[in-house]
A.B. asks: 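Have a look at this one.
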Amino acid sequence: MGSSMTGSVKEKVIAIIAEQAVLDPSDVKMDSTLESLGIDSLGLVESIFAIEEAFDISVPFNANEPTQSDFDISSVAAIVRAVEGLVAQKG
Amino acid sequence: MKRVVITGAGTINALAHDVPGTLEAFREGRCGISDLDIRDKDRLSIQIGGQVHNWDPEAHFNRQQIVLYDKFTQFTLLAAREAVTQSGLNFDGHLGYETGVVLGTAGGGVNTWDENYRAVYEEGKNRVHPFVVPKLMNNAAASHLSMEFNLKGPSFSVATACASSNHAMGMAFHMIRSGMVQAMLTGGSESMLCFGGIKAWEGLRVMSKDACRPFSLNRNGMVQGEGAAVFVFEEYEHAKQRGAEILAEVAGFAMTSDAADIVMPSKQGAARAISGALRDARISGDKVGYINAHGTGTAANDKTECAAVADVFGPHADRLMISSTKSMHGHLIGGTGAVELLACIMALRDGVIAPTIGYEEPDPECALDVVPNTAREARVDVVLSNAFAFGGLNAVLALRRL
(Lines give C-alpha, C1' and ligand atoms only; values in the text may rest on other atoms or scores of the structure.)
Protein backbone atom coordinates (compact mmCIF):
# COMPACT_ATOMS: atom_id res chain seq x y z
CA MET A 1 0.00 0.00 0.00
CA GLY A 2 2.74 2.41 1.10
CA SER A 3 4.89 1.78 -1.95
CA SER A 4 2.05 1.99 -4.47
CA MET A 5 0.95 5.29 -2.87
CA THR A 6 4.52 6.55 -3.16
CA GLY A 7 4.66 5.38 -6.74
CA SER A 8 1.52 7.25 -7.63
CA VAL A 9 2.74 10.48 -6.04
CA LYS A 10 5.98 10.22 -7.98
CA GLU A 11 4.20 9.52 -11.26
CA LYS A 12 1.72 12.34 -10.82
CA VAL A 13 4.41 14.87 -9.84
CA ILE A 14 6.55 13.86 -12.80
CA ALA A 15 3.55 14.13 -15.12
CA ILE A 16 2.84 17.67 -13.82
CA ILE A 17 6.46 18.76 -14.21
CA ALA A 18 6.72 17.16 -17.66
CA GLU A 19 3.61 18.98 -18.83
CA GLN A 20 4.98 22.28 -17.56
CA ALA A 21 8.35 21.68 -19.24
CA VAL A 22 6.67 20.41 -22.43
CA LEU A 23 8.68 17.18 -22.18
CA ASP A 24 7.87 13.51 -22.24
CA PRO A 25 7.62 12.18 -18.65
CA SER A 26 10.46 9.75 -19.44
CA ASP A 27 12.77 12.75 -19.93
CA VAL A 28 12.11 14.01 -16.38
CA LYS A 29 14.70 12.30 -14.15
CA MET A 30 14.60 12.22 -10.37
CA ASP A 31 17.88 14.15 -10.18
CA SER A 32 16.74 16.81 -12.68
CA THR A 33 16.46 20.37 -11.39
CA LEU A 34 13.59 22.56 -12.52
CA GLU A 35 16.11 24.93 -14.06
CA SER A 36 17.67 22.11 -16.10
CA LEU A 37 14.16 21.30 -17.39
CA GLY A 38 13.66 24.91 -18.44
CA ILE A 39 11.03 25.76 -15.81
CA ASP A 40 11.27 29.41 -14.70
CA SER A 41 9.77 31.07 -11.61
CA LEU A 42 6.34 31.45 -13.21
CA GLY A 43 6.42 27.84 -14.38
CA LEU A 44 7.28 26.82 -10.84
CA VAL A 45 4.31 28.73 -9.39
CA GLU A 46 2.07 27.07 -11.98
CA SER A 47 3.48 23.60 -11.18
CA ILE A 48 2.87 24.12 -7.47
CA PHE A 49 -0.71 25.13 -8.19
CA ALA A 50 -1.17 21.95 -10.28
CA ILE A 51 0.33 19.85 -7.47
CA GLU A 52 -2.02 21.43 -4.90
CA GLU A 53 -5.01 20.73 -7.13
CA ALA A 54 -3.94 17.15 -7.93
CA PHE A 55 -3.33 16.13 -4.31
CA ASP A 56 -5.73 18.50 -2.54
CA ILE A 57 -2.91 19.87 -0.39
CA SER A 58 -1.57 23.32 0.47
CA VAL A 59 2.07 23.84 -0.45
CA PRO A 60 3.90 26.42 1.68
CA PHE A 61 5.67 28.38 -1.03
CA ASN A 62 6.46 32.08 -1.44
CA ALA A 63 8.03 33.04 -4.78
CA ASN A 64 10.02 35.78 -3.04
CA GLU A 65 11.99 33.28 -0.98
CA PRO A 66 11.81 29.99 -2.89
CA THR A 67 14.74 28.41 -1.07
CA GLN A 68 13.55 29.41 2.40
CA SER A 69 10.19 27.72 2.47
CA ASP A 70 9.74 24.26 3.98
CA PHE A 71 9.00 22.94 0.52
CA ASP A 72 12.26 21.70 -1.04
CA ILE A 73 12.36 22.37 -4.78
CA SER A 74 16.05 21.62 -5.38
CA SER A 75 15.32 18.57 -7.58
CA VAL A 76 12.45 16.46 -8.85
CA ALA A 77 13.23 13.87 -6.15
CA ALA A 78 13.07 16.58 -3.46
CA ILE A 79 9.70 17.80 -4.74
CA VAL A 80 8.33 14.22 -4.79
CA ARG A 81 9.53 13.71 -1.18
CA ALA A 82 8.00 17.02 -0.09
CA VAL A 83 4.66 16.21 -1.72
CA GLU A 84 4.67 12.72 -0.15
CA GLY A 85 5.20 14.40 3.21
CA LEU A 86 2.29 16.80 2.71
CA VAL A 87 0.02 14.00 1.46
CA ALA A 88 0.92 11.88 4.50
CA GLN A 89 0.22 14.82 6.86
CA LYS A 90 -3.21 15.15 5.31
CA GLY A 91 -3.78 11.56 6.48
CA MET B 1 4.93 74.59 -24.24
CA LYS B 2 3.00 75.45 -21.10
CA ARG B 3 4.35 74.73 -17.65
CA VAL B 4 2.30 72.58 -15.27
CA VAL B 5 1.99 72.98 -11.50
CA ILE B 6 0.12 71.23 -8.71
CA THR B 7 -2.23 73.48 -6.76
CA GLY B 8 -4.27 70.98 -4.76
CA ALA B 9 -3.90 67.55 -3.19
CA GLY B 10 -6.26 65.16 -1.44
CA THR B 11 -6.15 61.58 -0.24
CA ILE B 12 -7.62 58.78 1.79
CA ASN B 13 -5.51 55.72 2.51
CA ALA B 14 -4.62 53.35 5.33
CA LEU B 15 -2.55 56.03 7.07
CA ALA B 16 -5.18 58.79 7.22
CA HIS B 17 -8.30 60.17 5.60
CA ASP B 18 -6.56 63.37 4.44
CA VAL B 19 -3.23 64.83 3.29
CA PRO B 20 -2.03 66.36 6.59
CA GLY B 21 -2.60 63.08 8.43
CA THR B 22 -0.84 61.11 5.72
CA LEU B 23 2.19 63.41 5.74
CA GLU B 24 2.33 63.20 9.53
CA ALA B 25 2.37 59.39 9.26
CA PHE B 26 5.16 59.61 6.64
CA ARG B 27 7.19 61.84 8.97
CA GLU B 28 6.65 59.49 11.89
CA GLY B 29 7.32 56.37 9.83
CA ARG B 30 4.02 54.92 10.98
CA CYS B 31 2.71 51.64 9.55
CA GLY B 32 -0.90 51.59 8.30
CA ILE B 33 -0.84 47.87 7.49
CA SER B 34 -3.08 45.91 9.83
CA ASP B 35 -5.18 42.78 10.20
CA LEU B 36 -7.79 42.73 7.46
CA ASP B 37 -11.40 43.22 8.42
CA ILE B 38 -13.29 41.62 5.51
CA ARG B 39 -15.86 38.91 4.86
CA ASP B 40 -14.57 35.29 4.60
CA LYS B 41 -11.11 36.28 5.82
CA ASP B 42 -10.74 32.78 7.35
CA ARG B 43 -10.53 31.37 3.81
CA LEU B 44 -7.60 33.60 2.89
CA SER B 45 -3.96 32.75 3.52
CA ILE B 46 -3.13 36.48 3.45
CA GLN B 47 -4.51 38.17 6.56
CA ILE B 48 -3.00 41.69 6.37
CA GLY B 49 -3.47 44.76 4.21
CA GLY B 50 -3.27 48.52 4.09
CA GLN B 51 -6.99 48.81 4.72
CA VAL B 52 -8.85 52.09 5.26
CA HIS B 53 -10.44 51.74 8.70
CA ASN B 54 -13.28 53.78 10.22
CA TRP B 55 -14.68 54.47 6.76
CA ASP B 56 -18.21 55.79 7.08
CA PRO B 57 -19.68 56.55 3.62
CA GLU B 58 -22.90 57.90 5.18
CA ALA B 59 -20.87 60.74 6.68
CA HIS B 60 -19.95 61.94 3.18
CA PHE B 61 -22.65 60.80 0.75
CA ASN B 62 -26.42 60.51 0.69
CA ARG B 63 -28.31 57.29 0.06
CA GLN B 64 -28.81 57.91 -3.68
CA GLN B 65 -25.10 58.52 -4.10
CA ILE B 66 -24.02 55.46 -2.14
CA VAL B 67 -26.21 53.28 -4.35
CA LEU B 68 -24.11 54.47 -7.33
CA TYR B 69 -20.66 54.74 -5.74
CA ASP B 70 -18.41 51.73 -5.38
CA LYS B 71 -15.82 52.20 -2.65
CA PHE B 72 -13.17 53.19 -5.21
CA THR B 73 -15.45 56.03 -6.36
CA GLN B 74 -16.19 57.06 -2.78
CA PHE B 75 -12.46 57.25 -2.02
CA THR B 76 -11.88 59.28 -5.19
CA LEU B 77 -14.59 61.81 -4.39
CA LEU B 78 -13.34 62.33 -0.86
CA ALA B 79 -9.78 62.89 -2.09
CA ALA B 80 -10.95 65.21 -4.87
CA ARG B 81 -12.96 67.40 -2.49
CA GLU B 82 -9.84 67.96 -0.40
CA ALA B 83 -7.76 68.74 -3.50
CA VAL B 84 -10.26 71.13 -5.09
CA THR B 85 -10.81 72.96 -1.79
CA GLN B 86 -7.07 73.46 -1.40
CA SER B 87 -6.71 74.71 -4.98
CA GLY B 88 -9.45 77.31 -4.50
CA LEU B 89 -10.61 76.72 -8.08
CA ASN B 90 -14.24 77.07 -9.09
CA PHE B 91 -15.28 75.27 -12.26
CA ASP B 92 -18.81 76.62 -12.56
CA GLY B 93 -17.94 79.10 -15.30
CA HIS B 94 -15.77 78.86 -18.38
CA LEU B 95 -12.99 77.02 -16.57
CA GLY B 96 -15.26 73.97 -16.37
CA TYR B 97 -15.02 73.59 -20.16
CA GLU B 98 -11.24 73.77 -20.02
CA THR B 99 -10.79 71.24 -17.24
CA GLY B 100 -11.08 67.46 -17.38
CA VAL B 101 -10.43 64.36 -15.29
CA VAL B 102 -7.99 61.55 -15.90
CA LEU B 103 -7.75 58.88 -13.21
CA GLY B 104 -5.92 55.61 -12.80
CA THR B 105 -7.46 52.42 -11.46
CA ALA B 106 -6.52 48.84 -12.18
CA GLY B 107 -9.68 47.10 -11.04
CA GLY B 108 -12.41 49.74 -10.82
CA GLY B 109 -15.34 48.55 -8.73
CA VAL B 110 -13.86 45.27 -7.53
CA ASN B 111 -16.05 45.20 -4.41
CA THR B 112 -19.13 45.55 -6.61
CA TRP B 113 -18.03 42.64 -8.83
CA ASP B 114 -17.29 40.60 -5.71
CA GLU B 115 -20.59 41.28 -3.96
CA ASN B 116 -22.70 40.61 -7.03
CA TYR B 117 -20.87 37.45 -8.11
CA ARG B 118 -21.50 36.27 -4.57
CA ALA B 119 -25.18 37.04 -4.92
CA VAL B 120 -25.65 35.15 -8.20
CA TYR B 121 -23.16 32.29 -7.78
CA GLU B 122 -23.01 31.63 -4.05
CA GLU B 123 -26.46 32.72 -2.96
CA GLY B 124 -28.12 31.56 -6.18
CA LYS B 125 -29.97 34.82 -6.78
CA ASN B 126 -31.13 35.53 -10.30
CA ARG B 127 -31.39 39.28 -9.99
CA VAL B 128 -28.88 42.03 -9.25
CA HIS B 129 -29.30 45.72 -8.46
CA PRO B 130 -29.98 47.85 -11.57
CA PHE B 131 -26.87 49.99 -11.04
CA VAL B 132 -24.25 47.25 -10.93
CA VAL B 133 -22.73 48.22 -14.28
CA PRO B 134 -22.48 52.01 -13.72
CA LYS B 135 -21.10 51.27 -10.26
CA LEU B 136 -18.31 48.88 -11.22
CA MET B 137 -17.07 50.43 -14.49
CA ASN B 138 -13.49 51.70 -14.39
CA ASN B 139 -14.47 55.20 -15.49
CA ALA B 140 -17.16 55.59 -12.80
CA ALA B 141 -14.88 57.60 -10.51
CA ALA B 142 -13.74 59.92 -13.30
CA SER B 143 -17.34 60.48 -14.41
CA HIS B 144 -18.59 61.20 -10.88
CA LEU B 145 -15.77 63.72 -10.37
CA SER B 146 -16.78 65.45 -13.59
CA MET B 147 -20.38 65.66 -12.34
CA GLU B 148 -19.53 66.80 -8.82
CA PHE B 149 -17.25 69.61 -10.02
CA ASN B 150 -18.79 70.48 -13.42
CA LEU B 151 -15.70 69.41 -15.40
CA LYS B 152 -16.63 69.29 -19.07
CA GLY B 153 -13.22 68.89 -20.71
CA PRO B 154 -11.50 65.67 -21.79
CA SER B 155 -12.08 62.95 -19.20
CA PHE B 156 -11.20 59.26 -19.06
CA SER B 157 -9.69 56.50 -16.97
CA VAL B 158 -6.41 54.68 -17.41
CA ALA B 159 -5.76 51.06 -16.46
CA THR B 160 -2.15 49.94 -16.51
CA ALA B 161 -2.10 47.81 -13.37
CA CYS B 162 0.38 49.20 -10.83
CA ALA B 163 1.34 52.15 -13.05
CA SER B 164 -2.24 53.38 -13.70
CA SER B 165 -1.97 56.52 -11.55
CA ASN B 166 1.38 57.56 -12.97
CA HIS B 167 0.15 57.06 -16.51
CA ALA B 168 -2.97 59.08 -15.66
CA MET B 169 -1.00 61.94 -14.10
CA GLY B 170 1.43 61.85 -17.03
CA MET B 171 -1.51 62.24 -19.43
CA ALA B 172 -2.92 65.14 -17.41
CA PHE B 173 0.52 66.76 -17.52
CA HIS B 174 0.76 66.37 -21.30
CA MET B 175 -2.74 67.74 -21.85
CA ILE B 176 -2.03 70.94 -19.91
CA ARG B 177 1.47 71.30 -21.33
CA SER B 178 0.14 71.11 -24.89
CA GLY B 179 -2.48 73.77 -24.21
CA MET B 180 -5.42 71.39 -24.62
CA VAL B 181 -6.80 72.28 -21.16
CA GLN B 182 -6.19 74.78 -18.35
CA ALA B 183 -6.44 72.30 -15.47
CA MET B 184 -7.03 68.63 -14.72
CA LEU B 185 -8.13 66.58 -11.76
CA THR B 186 -5.84 63.57 -11.80
CA GLY B 187 -4.52 60.75 -9.67
CA GLY B 188 -5.98 57.35 -8.96
CA SER B 189 -7.94 55.03 -6.74
CA GLU B 190 -8.17 51.37 -5.86
CA SER B 191 -10.35 49.29 -3.60
CA MET B 192 -9.44 45.65 -4.04
CA LEU B 193 -9.44 44.52 -0.42
CA CYS B 194 -12.27 42.03 -0.63
CA PHE B 195 -12.28 38.24 -0.75
CA GLY B 196 -11.97 37.91 -4.52
CA GLY B 197 -9.51 40.79 -4.83
CA ILE B 198 -7.11 39.25 -2.35
CA LYS B 199 -7.65 35.64 -3.44
CA ALA B 200 -6.55 36.53 -6.96
CA TRP B 201 -3.30 38.02 -5.67
CA GLU B 202 -2.67 35.02 -3.40
CA GLY B 203 -2.47 32.87 -6.50
CA LEU B 204 0.73 34.54 -7.67
CA ARG B 205 2.48 33.68 -4.39
CA VAL B 206 4.24 37.01 -4.19
CA MET B 207 2.38 38.32 -1.13
CA SER B 208 3.89 38.73 2.31
CA LYS B 209 2.03 37.29 5.28
CA ASP B 210 3.64 39.62 7.82
CA ALA B 211 4.97 42.94 6.46
CA CYS B 212 6.07 44.94 3.44
CA ARG B 213 9.84 45.40 3.79
CA PRO B 214 11.10 46.98 0.57
CA PHE B 215 14.85 46.67 -0.15
CA SER B 216 15.44 44.65 3.03
CA LEU B 217 17.28 41.38 2.45
CA ASN B 218 14.57 39.48 4.32
CA ARG B 219 11.69 41.02 2.34
CA ASN B 220 9.11 38.42 1.44
CA GLY B 221 6.59 40.11 -0.78
CA MET B 222 4.05 42.82 -1.28
CA VAL B 223 1.08 43.84 0.85
CA GLN B 224 -2.06 45.20 -0.81
CA GLY B 225 -3.50 48.56 0.17
CA GLU B 226 -6.53 50.65 -0.77
CA GLY B 227 -7.47 54.29 -1.09
CA ALA B 228 -7.07 57.21 -3.44
CA ALA B 229 -5.19 60.41 -4.07
CA VAL B 230 -6.32 63.20 -6.37
CA PHE B 231 -4.43 66.33 -7.45
CA VAL B 232 -5.28 69.56 -9.20
CA PHE B 233 -2.81 70.05 -12.04
CA GLU B 234 -2.95 73.58 -13.43
CA GLU B 235 -1.28 75.62 -16.12
CA TYR B 236 1.43 77.69 -14.43
CA GLU B 237 0.43 81.17 -15.66
CA HIS B 238 -3.19 80.50 -14.75
CA ALA B 239 -2.15 79.52 -11.23
CA LYS B 240 0.25 82.46 -10.90
CA GLN B 241 -2.29 85.04 -12.08
CA ARG B 242 -4.81 84.05 -9.47
CA GLY B 243 -2.14 83.90 -6.75
CA ALA B 244 -2.62 80.20 -6.06
CA GLU B 245 -0.35 78.35 -3.68
CA ILE B 246 1.85 76.11 -5.81
CA LEU B 247 2.79 72.77 -4.26
CA ALA B 248 5.28 71.70 -6.94
CA GLU B 249 5.93 71.83 -10.65
CA VAL B 250 5.40 68.72 -12.77
CA ALA B 251 8.53 68.98 -14.88
CA GLY B 252 8.69 65.78 -16.91
CA PHE B 253 7.17 62.42 -17.65
CA ALA B 254 8.16 59.32 -19.57
CA MET B 255 6.67 55.92 -20.22
CA THR B 256 8.19 52.80 -21.71
CA SER B 257 7.22 49.22 -22.37
CA ASP B 258 9.51 46.27 -21.60
CA ALA B 259 8.00 44.12 -24.36
CA ALA B 260 9.42 41.16 -22.46
CA ASP B 261 7.42 39.41 -19.74
CA ILE B 262 3.92 39.68 -18.30
CA VAL B 263 5.10 39.78 -14.67
CA MET B 264 8.90 39.90 -14.41
CA PRO B 265 10.31 43.46 -14.44
CA SER B 266 13.07 44.61 -16.75
CA LYS B 267 16.01 46.78 -15.73
CA GLN B 268 16.26 48.29 -19.20
CA GLY B 269 12.57 49.21 -19.37
CA ALA B 270 12.69 50.86 -15.95
CA ALA B 271 15.95 52.67 -16.71
CA ARG B 272 14.61 54.02 -20.00
CA ALA B 273 11.55 55.43 -18.22
CA ILE B 274 13.67 57.09 -15.51
CA SER B 275 16.16 58.63 -17.94
CA GLY B 276 13.28 59.56 -20.26
CA ALA B 277 11.54 61.54 -17.52
CA LEU B 278 14.76 63.45 -16.82
CA ARG B 279 15.28 64.16 -20.52
CA ASP B 280 11.67 65.31 -20.85
CA ALA B 281 12.16 67.69 -17.90
CA ARG B 282 15.57 68.81 -19.25
CA ILE B 283 17.07 68.07 -15.87
CA SER B 284 20.44 66.40 -15.43
CA GLY B 285 20.51 63.32 -13.22
CA ASP B 286 22.78 64.85 -10.60
CA LYS B 287 20.03 67.32 -9.66
CA VAL B 288 17.74 64.53 -8.43
CA GLY B 289 17.70 64.39 -4.63
CA TYR B 290 14.96 61.86 -3.99
CA ILE B 291 13.15 59.05 -5.77
CA ASN B 292 9.89 57.64 -4.52
CA ALA B 293 10.49 54.04 -5.53
CA HIS B 294 8.02 51.57 -6.92
CA GLY B 295 9.55 49.42 -4.11
CA THR B 296 6.93 46.70 -3.82
CA GLY B 297 8.89 44.53 -1.39
CA THR B 298 9.09 41.62 -3.82
CA ALA B 299 12.42 39.96 -4.51
CA ALA B 300 12.21 40.75 -8.22
CA ASN B 301 11.06 44.40 -8.24
CA ASP B 302 13.39 45.83 -5.65
CA LYS B 303 16.65 44.47 -7.03
CA THR B 304 15.66 45.33 -10.61
CA GLU B 305 14.64 48.85 -9.62
CA CYS B 306 17.90 49.46 -7.73
CA ALA B 307 19.91 48.18 -10.68
CA ALA B 308 17.99 50.51 -13.02
CA VAL B 309 18.64 53.51 -10.73
CA ALA B 310 22.34 52.61 -10.51
CA ASP B 311 22.50 52.38 -14.31
CA VAL B 312 20.83 55.74 -14.91
CA PHE B 313 22.59 57.78 -12.23
CA GLY B 314 26.05 56.21 -12.10
CA PRO B 315 28.01 57.51 -9.08
CA HIS B 316 25.16 59.91 -8.19
CA ALA B 317 23.01 56.86 -7.34
CA ASP B 318 24.96 56.66 -4.07
CA ARG B 319 24.20 60.29 -3.19
CA LEU B 320 20.46 60.39 -3.83
CA MET B 321 17.78 59.02 -1.49
CA ILE B 322 15.22 56.44 -2.57
CA SER B 323 12.41 55.17 -0.36
CA SER B 324 9.26 53.11 -0.66
CA THR B 325 6.24 54.35 1.25
CA LYS B 326 4.43 51.11 0.33
CA SER B 327 5.98 49.86 3.57
CA MET B 328 3.46 52.15 5.32
CA HIS B 329 0.31 52.31 3.15
CA GLY B 330 0.70 49.06 1.22
CA HIS B 331 0.47 48.70 -2.55
CA LEU B 332 -2.60 50.55 -3.80
CA ILE B 333 -2.15 48.95 -7.24
CA GLY B 334 -3.80 51.41 -9.68
CA GLY B 335 -3.93 54.14 -7.04
CA THR B 336 -0.46 53.73 -5.67
CA GLY B 337 1.47 56.31 -7.69
CA ALA B 338 -1.01 58.99 -6.67
CA VAL B 339 -0.62 58.41 -2.92
CA GLU B 340 3.14 58.16 -3.40
CA LEU B 341 3.24 61.54 -5.15
CA LEU B 342 2.36 63.00 -1.75
CA ALA B 343 5.76 61.87 -0.45
CA CYS B 344 7.39 63.60 -3.43
CA ILE B 345 5.55 66.86 -2.68
CA MET B 346 6.50 66.56 1.01
CA ALA B 347 10.16 66.15 0.05
CA LEU B 348 10.11 69.28 -2.12
CA ARG B 349 7.97 71.49 0.11
CA ASP B 350 8.77 70.42 3.64
CA GLY B 351 12.28 69.07 3.15
CA VAL B 352 11.28 65.79 4.78
CA ILE B 353 12.05 62.48 3.11
CA ALA B 354 9.58 59.71 3.94
CA PRO B 355 11.33 56.56 5.14
CA THR B 356 11.22 52.93 4.03
CA ILE B 357 9.94 51.32 7.21
CA GLY B 358 10.26 47.65 8.18
CA TYR B 359 13.84 47.70 6.94
CA GLU B 360 15.84 45.08 8.81
CA GLU B 361 18.78 43.79 6.78
CA PRO B 362 20.84 45.34 3.98
CA ASP B 363 20.60 43.59 0.62
CA PRO B 364 23.79 43.86 -1.47
CA GLU B 365 21.55 43.94 -4.56
CA CYS B 366 19.73 47.02 -3.18
CA ALA B 367 22.77 48.95 -1.99
CA LEU B 368 21.29 52.46 -2.19
CA ASP B 369 20.32 54.98 0.50
CA VAL B 370 16.78 53.71 1.10
CA VAL B 371 16.16 56.07 4.06
CA PRO B 372 15.65 53.11 6.43
CA ASN B 373 12.94 53.34 9.08
CA THR B 374 13.28 57.02 10.04
CA ALA B 375 12.28 60.09 8.04
CA ARG B 376 15.09 62.46 7.21
CA GLU B 377 15.35 66.23 6.80
CA ALA B 378 16.97 67.18 3.53
CA ARG B 379 16.58 69.94 0.99
CA VAL B 380 15.87 68.51 -2.44
CA ASP B 381 15.08 70.39 -5.64
CA VAL B 382 14.08 67.58 -7.99
CA VAL B 383 12.30 64.30 -7.23
CA LEU B 384 11.10 61.34 -9.27
CA SER B 385 8.21 58.96 -8.76
CA ASN B 386 8.60 55.47 -10.24
CA ALA B 387 5.87 53.04 -11.23
CA PHE B 388 6.57 49.74 -12.99
CA ALA B 389 3.51 47.68 -13.79
CA PHE B 390 2.83 44.03 -14.49
CA GLY B 391 2.81 43.75 -18.22
CA GLY B 392 6.09 45.66 -18.36
CA LEU B 393 4.54 49.13 -18.55
CA ASN B 394 6.65 51.78 -16.86
CA ALA B 395 5.77 55.40 -16.01
CA VAL B 396 8.00 57.91 -14.24
CA LEU B 397 7.17 61.49 -13.22
CA ALA B 398 9.69 64.23 -12.46
CA LEU B 399 8.71 67.03 -10.04
CA ARG B 400 10.59 70.20 -9.23
CA ARG B 401 10.33 72.84 -6.53
CA LEU B 402 9.18 76.14 -7.97
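Letters A, B, ... mirror the listed sequences (proteins, then strands); counts begin at 1.
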A.B. asks: Nearest 0.5 Å, what's the OG1-CD distance between T298(B) and E65(A)?
C.D. replies: 12.0 Å
A.B. asks: Within this structure, what is the CG-CG distance for the pair D261(B) and L42(A), rounded to the nearest 0.5 Å?
C.D. replies: 6.0 Å
A.B. asks: Is there a donor-acceptor pair under 3.5 Å between the side chain of N62(A) and the backbone N or O of N220(B)?
C.D. replies: yes
A.B. asks: Step through the shown structure and confirm whether more than 12 heavy atoms of other residues, nucleotides or ligands are within 6.0 Å of CZ on F49(A).
C.D. replies: no
A.B. asks: More than 12 heavy atoms of other residues, nucleotides or ligands under 6.0 Å from NZ of K199(B): is that the case?
C.D. replies: yes
A.B. asks: With a sphere of 6.0 Å drawn around CG of D70(A), does it hold more than 12 non-hydrogen atoms of other residues, nucleotides or ligands?
C.D. replies: no
A.B. asks: Using a cut-off of 6.0 Å, state whether more than 12 heavy atoms not belonging to E202(B) lie near its atom CD.
C.D. replies: yes
A.B. asks: Can you name the residues that form a salt bridge (charged side-chain N to carboxylate O under 4.0 Å, His left out) with D40(A), not counting sequence neighbours?
C.D. replies: none
A.B. asks: With a 6.0 Å cut-off (strictly less than), is the heavy-atom count around CD of E35(A), excluding the residue itself, greater than 12?
C.D. replies: no
A.B. asks: What part of S58(A) lies closer than 4.5 angstrom to a heavy atom of chain B: side chain, backbone, both or neither?
C.D. replies: neither
A.B. asks: Taking 4.5 Å as the heavy-atom cut-off, does anything in residues 205-213 of chain B contact chain A, and if so which residues?
C.D. replies: R205(B), V206(B), M207(B)
